[in-house]
J.: 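Provided herewith is a single structure, encoded as structure tokens, for subsequent inquiry.
By convention in this document, chain letters (A, B, ...) are assigned in the order of the sequence lines, proteins followed by strands, and residues within each chain are numbered from 1.
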Amino acid sequence: MSVFAATEVLVAQNIAFGIIAIAIVVAAVRVVTTNNVVHAALWLVVVLGGIAAQYILLAAEFTAIVQVLVYIGAIVVLFLFGIMLTRARLGGENMVNKKMRPAAMVIAVAMFGLMAYSLWDFFGDTELEVMGRSTAELGQTTAQVSDSLFLTYLVPFEVVSVLLLAALTGAIVLARRD
Amino acid sequence: MNELVLAIELAFWQQTLIKVLVAAVLVPTTALIFGIVFLFKVMSWMQSRMGPQEAGPRGLLQLLADGAKFLQKEDIIPDKADRFVFKAAPVVVLASTFLIYVILPAGPDLIISDLPTGIFFAMAVSSLSVIGVLMAGWSSSNKYALMGGLRAGGQLIAYELPLILAVVGVVIQAGSLSMQDIVLAQANGSMLGFSGVGLPFLITQILGFGIFMVAIQAELTQPPFDMPVAESEVVGGFHVEYTGFRFLFFFLAEFATAFAFAAIAATLFLGGWYVPGIDPDSMLANVVGPIALFVKIMVVAFLIFWFRFTYPRFREDQLQRFAWKYLIPLALVNITITGALVVAL
Amino acid sequence: MPKVPGMVKGLGVTFRTMVETLKPSGGPATVQYPHEKEEPAARARGVIALHEENCTSCMLCSRECPDWCIYIEAHKTLAPPRRAGGKPRQVNKLDRFAIDYSLCMYCGICVEVCPFDALFWSPEYEFSEVSIADLLHEKQRLGEWMDTVPEFEPYEAGSEAKGRKVPR
């Protein structure tokens, strides 16, 4: 009945993964190459939506929805909001800074190399176990997430929220004139 | 629950096709029903008018005639508009509406997909429409559209929080995010030891219901929260440049989303498709369920539109203050009390 | 007991209006126009009628009209003398008198300034046209409106001014 109820990794799933991955990469490249800031933010929506789709393929439904809610529904909206309040010209914008491009490319390649190396180093040639999950079990993954969040990692979770509160207070202090 | 409505087990793609078709029919139909019943009729009555009378019996086909009119209109794209974004914006808004319909349960088996995180999914996809609205506002190359888009952005972000926080109380009480489980939790609940009629969460979550209703009013950008589309201030806001079927998309999305939110409210607080006295596992519930849900939706929708037709528009700062200073703290209090009671009892 | 908040009262007003509209004894405040018509007030400003015989082509109305929507054409001619043996009088013969109702804003200044009681208000309002050019009413059409002009109401009892009469 459910889209997520695959008993084994299917060919179709691999194909879907590939298509979405290509879309993500293309969109991600457009984010940094487009001349228009608003277009960049909208390409970012495609990237984040694609990642949410990949999460669904990986049977991490809860994470996918959080991805949509937090990143697309809140953060990109905030980006767009900020861009439109300040500089939202239609058409190409030559004000976009291109001087930093070589440096950014170097850093991007370095980051990619680092992540690729760490993944390769950790997994090597070992084949991952195929995990088929039914819909009922999927409901449990959400429960597992919440269990680990509120039992195992309760203290780090709370510390992070305090950190966010500190950031929020700092923003208010900076923004207030008096 | 596992017993299928259709006797024949269909292939996955066939089931998907049927579900897509059902949603494709359902979205415009529900928008039409809401438009005719509430926008045309109830609003007229509340203003001491009779509403449209000419098209069809008692003017009931007026909205269809209007829809046909929209389709005939010229599709105008402003010269300086960002053409692609301009064209994509109504589709994004309508897509967000379609996605909400995925988790609306109309009976024990009548649901497009009973996601284990159903209500959370609905909240997430409903927030996607903000992107479409901002796209429309920006790409129209019109200052009124941009102002309307910005207002919509600020408003939808502010009111998404109380919306989600109001739902949390229900989720804590039901112990599940799945829409079906929430209905069943209400069907199996008992009121002070009397379990005959179940326990609609309206009774225990009356505060949550109030916050939810106010928040969906703002999410739908309806009066008194209609600054993003205020005619007298921003001449229609983000859809000022849209004509013809693109405008029809926005119109459909607005009313279909109103239906979806009313359905969510009916499911979360009024017991959804459950009718007291009918076994929620029986086939009968599949027949009576949609009717019961529809009646409950109409009751909730009447409330929504009643507020819409009664109150004048807030000011932008009043709107923000109301959300951040009253609704969100109230919702947090509601969550705290519900959580404490669920743990204590 | 605190008084009912305005927000709740407002809901009550709209709900009561709805019930009142739906009740057979109540009904809406509006009428379904083409099927049933509202009786306009007796002195409603619907359309301006012209009593041609009273017009001296003095052009006052035309000049005072804020929209310049009154067109008057006339020529001088001789009329027979009032008394036997007198000289023939010189009078203005009206050739054309037209009001363009697509421009008129129904201010009524022309009716006010007319010194010879040639222009009158009629409450008739159904003179819409498919073509905008047809809204230009020539003097023949303006004269036909005279039939619809209601009589003036008599002045209050004890008033010294003479009551006005509509020339027929």
Side-chain angles (χ1 to χ4, degrees), chain A residues 1-6 10 12 34 36-39 41-46 48-49 52 56 59-92 133-143 145-146, chain B residues 1-2 4 12 15-16 19 78 80-86 88-89 92 96 99 102 109 111-135 137-142 146-147 149-150 152-154 156-157 160-161 164 175-178 181:
Chain A
M1 285 292 285
S2 169
V3 192
F4 312 108
L10 301 161
T34 180
N36 190 312
V37 195
V38 177
H39 282 185
L42 292 175
W43 281 114
L44 196 59
V45 172
V46 178
L48 297 168
I56 288 179
E61 189 199 33
F62 186 75
T63 322
I65 295 174
V66 170
Q67 171 89 8
V68 171
L69 185 72
V70 173
Y71 281 93
I72 301 181
I75 291 185
V76 174
V77 169
L78 221 56
F79 278 1
L80 283 171
F81 199 70
I83 294 169
M84 287 181 190
L85 270 182
T86 50
R87 32 140 66 185
R89 294 220 184 88
L90 285 158
R133 281 185 175 139
S134 68
T135 318
E137 282 172 321
L138 267 173
Q140 288 164 13
T141 59
T142 310
V145 169
S146 70
Chain B
M1 281 281 283
N2 297 322
L4 265 176
F12 180 71
Q15 286 184 17
T16 309
K19 286 168 178 173
K80 286 190 178 147
D82 194 309
R83 296 180 72 88
F84 181 76
V85 179
F86 187 83
V92 172
S96 143
L99 284 172
V102 168
D109 298 315
I111 182 166
I112 293 179
S113 182
D114 182 21
L115 301 179
T117 46
I119 181 64
F120 192 43
F121 173 83
M123 296 294 112
V125 294
S126 75
S127 70
L128 286 183
S129 69
V130 191
I131 301 265
V133 167
L134 283 174
M135 282 164 71
W138 174 76
S139 66
S140 299
S141 80
N142 177 316
L146 186 64
M147 285 305 299
L150 284 178
L156 298 190
I157 292 175
E160 212 160 89
L161 278 168
I164 295 174
S176 171
L177 288 164
S178 150
D181 288 353

J.: Need one label for L177(B): side chain, backbone, both or neither, based on atoms under 4.5 Å from any heavy atom in chain A.
T.: side chain
J.: Which region of L134(B), side chain (C-beta onward) or backbone (N, CA, C, O), has a non-hydrogen atom less than 4.5 Å from a non-hydrogen atom of chain A, or is it both or neither?
T.: both
J.: Check whether L42(A) gets within reach of chain B through its side chain, its backbone, both or neither, counting any heavy atom under 4.5 Å.
T.: side chain
J.: What are the two closest non-hydrogen atoms of A152(B) and V133(B), and how far apart are they?
T.: CB-CG1, 3.4 Å
J.: Of all of L80(A), V77(A), V70(A), which one pairs up most often with chain B through heavy atoms under 4.5 Å apart?
T.: V77(A)
J.: Tell me the closest heavy-atom pair linking E160(B) and S127(B), and the distance in Å.
T.: OE2-CB, 3.0 Å
J.: Which answer fits L150(B), side chain, backbone, both or neither, if we ask what part of it has an atom under 4.5 Å from a heavy atom of chain A?
T.: both
J.: Apply side chain to side chain contact (heavy atoms under 4.5 Å, CB included) to residues L44(A) and Y71(A) and explain how you reach the verdict.
T.: CA-CA 10 Å; L44(A) 196 59; Y71(A) 281 93; over 6 Å; no
J.: Can you check whether G118(B)'s main-chain N or O pairs, donor with acceptor, with S178(B)'s side chain at less than 3.5 Å?
T.: no
J.: So, for V92(B) and L128(B), which heavy atoms are closest and what is the spacing to 0.1 Å?
T.: CG1-O, 4.1 Å
J.: If you tally heavy-atom pairs under 4.5 Å against chain B, which of I65(A), L78(A), V66(A) wins?
T.: I65(A)
